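Below, chain A is the first sequence line, B the second, and so on; all start at residue 1. Only a predicted model underlies this, so the values are computations on that prediction, with no experimental measurement involved.
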2 protein chains.
Amino acid sequence: MQANKLDLRLTKGAKKVLEAMGGIRTLATAQDIHSLLRTDGDEAPGLTTVYRALDALVSQGLVQAVELGDGEKRYELIKPGEHHHHLICSSCKDSVHLDQCLIKDLDTLIKSKYGFQVSSHLLEIFGTCKKCSEKKTR
Amino acid sequence: MQANKLDLRLTKGAKKVLEAMGGIRTLATAQDIHSLLRTDGDEAPGLTTVYRALDALVSQGLVQAVELGDGEKRYELIKPGEHHHHLICSSCKDSVHLDQCLIKDLDTLIKSKYGFQVSSHLLEIFGTCKKCSEKKTR
DNA sequence: ATAATATTGAAAATCATTTTCATATTCACA
DNA sequence: TGTGAATATGAAAATGATTTTCAATATTAT
Ligand SMILES: [Mn+2]
Ligand SMILES: [Mn+2]
Ligand SMILES: [Zn+2]
Ligand SMILES: [Zn+2]
């Protein structure tokens with residue numbers, strides 16, 4: 001049991017959000033998380049606070065925001081400072097969390113070829129997952 | 001001068017949108033395109049029609065929608081049926097159009113490793129372009 | 001022509017996210 | 001430990017891109 005050094009700069013609301021996110025492994029919207037908190041217990045933070053908490057958590061590298069191209073951001077807990085991408089099934093909406101970034105090590109190439117200094121990227125892959133493929137075939 | 005076989009299924013408004021897009025090489029929002037059309041001449045289609053035209057053009061593979069993660073889609077003309085990705089400068093908002101898809105040929109690997117059938121993907125890279133890097137150094 | 005079908009666009013609706021602003025909480029430190 | 005400054009909270013309103021409605025037009029088929 002070691003003290004969690006990362007809690008230091010976390011607001012009361014952010015801690016609750018973080019805790020709620022610890023309980024799920026799916027990509028959740030701000031509203032999903034808010035509902036979850038409201039359902040769980042009392043003392044649940046308001047939606048505005050959830051949005052603010054998510055911003056803070058993303059800034060601190062504890063959470064990543066995932067863009068799927070519909071107008072709604074998803075969030076998920078990550079290993080601090082890391083990031084990863086997904087295979088997202090258009091049919092069941094479930095997603096496979098990839099273990100490593102598919103375009104890691106590309107930054108150097110891009111820098112030398114275009115003089116462009118990469119700072120971040122957006123990468124998500126859509127299609128049909130194994131289960132859903134089997135269903136259709138059946 | 002050969003007849004353009006692709007015009008067949010294009011609405012009057014869609015043709016105007018297509019023409020307007022032919023004149024720009026930047027990523028444009030629906031509203032950008034609408035403004036452009038309004039400025040250019042009369043007979044400009046309304047914003048609703050521009051949205052509908054863009055949908056149609058994307059379906060037909062003449063235009064691609066680009067997601068940057070701010071809540072506003074960009075559109076650009078593409079070589080029919082193809083697609084590409086960008087290096088987007090967070091400073092000047094300008095973008096480098098990459099000549100080839102960085103994750104082409106990955107579909108097969110993903111299919112065999114996860115049983116996931118890829119149908120599309122989202123990939124954009126953010127950072128600082130050459131010009132803007134030089135400005136800051138100067 | 002005439003009726004059926006598709007296109008258009010102004011206005012209203014949607015809906016995730018942000019902003020406001022007043023209240024409550026936490027903090028610094030005298 | 002009190003007290004004022006700084007920060008956090010949340011309800012309500014605002015924002016803004018996109019979508020929906022629906023009535024008027026234009027196009028197409030018979
Ligand atoms: Mn994930
Ligand atoms: Mn491009
Ligand atoms: Zn990555
Ligand atoms: Zn690609």
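Looking at B:Phe126 and A:Leu122, their side chains come closer than 4.5 Å, going by heavy atoms from C-beta outward. The shortest distance between side-chain heavy atoms of A:Asp32 and A:Ile24 does not fall below 4.5 Å.
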Side-chain donor-acceptor contacts of residues 111-118 of chain B below 3.5 Å, not counting sequence neighbours, with atom names and distances?
{"from": "B:Ser112", "atom 1": "OG", "to": "B:Thr108", "atom 2": "O", "distance (Å)": "3.4"}
{"from": "B:Ser112", "atom 1": "OG", "to": "B:Leu109", "atom 2": "O", "distance (Å)": "3.0"}

Please produce a list of atom pairs where a protein N or O lies less than 3.5 Å from an N or O of nucleotides 12-16 of chain C.
{"from": "C:dA16", "atom 1": "OP2", "to": "A:Gln31", "atom 2": "NE2", "distance (Å)": "3.3"}
{"from": "C:dA16", "atom 1": "O5'", "to": "A:Gln31", "atom 2": "NE2", "distance (Å)": "3.4"}
{"from": "C:dA16", "atom 1": "O3'", "to": "A:Gly71", "atom 2": "O", "distance (Å)": "3.3"}

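Contacts of B:Ala14 with the nucleic acid, taken as non-hydrogen atoms under 4.0 Å apart, are absent.
Comparing the helix axis at one end of the helix from C:dA1-D:dT30 to C:dA30-D:dT1 with that at the other, each defined from 5 consecutive pairs, gives an inter-axis angle of 30° (nearest 10°).
Annotation: side chain to side chain donor-acceptor pair (under 3.5 Å) contacts of B:Asp70 (sequence neighbours excluded): B:Arg74.
Using a 4.5 Å cut-off between side-chain heavy atoms of Ile, Leu, Val, Met, Phe, Trp and Tyr, with links allowed through other members, A:Leu62 and A:Tyr75 fall into the same hydrophobic cluster.
In this structure, the side chain of A:Glu67 engages the main chain of A:Gly69 through a donor-acceptor pair within 3.5 Å. In this structure, A:Glu124 contributes its side chain and A:His86 its backbone to a donor-acceptor pair below 3.5 Å.
Sorted by first then second residue, the side chain to side chain donor-acceptor pair (under 3.5 Å) pairs that include residues 16-27 of chain B, not counting sequence neighbours, number zero.
Taking the six-membered ring for Trp and the full ring otherwise, the centers of A:His121 and A:His85 sit less than 6.0 Å from each other.
Here the closest non-hydrogen pair linking B:Gly22 and B:Leu77 is CA-CD2, 3.6 Å.
Where DNA chain D meets chain A (any atom under 4.0 Å from a heavy atom), the bounding nucleotides read 5' to 3' are D:dA8 to D:dA12.
Straight-line distance from the CG atom of B:Leu57 to the C1' atom of C:dT7: 15 Å, rounded to whole Å.
Place B:Thr48 and B:Lys12 on DNA chain D by their nearest nucleotides, and B:Thr48 ends up nearer the 5' end.
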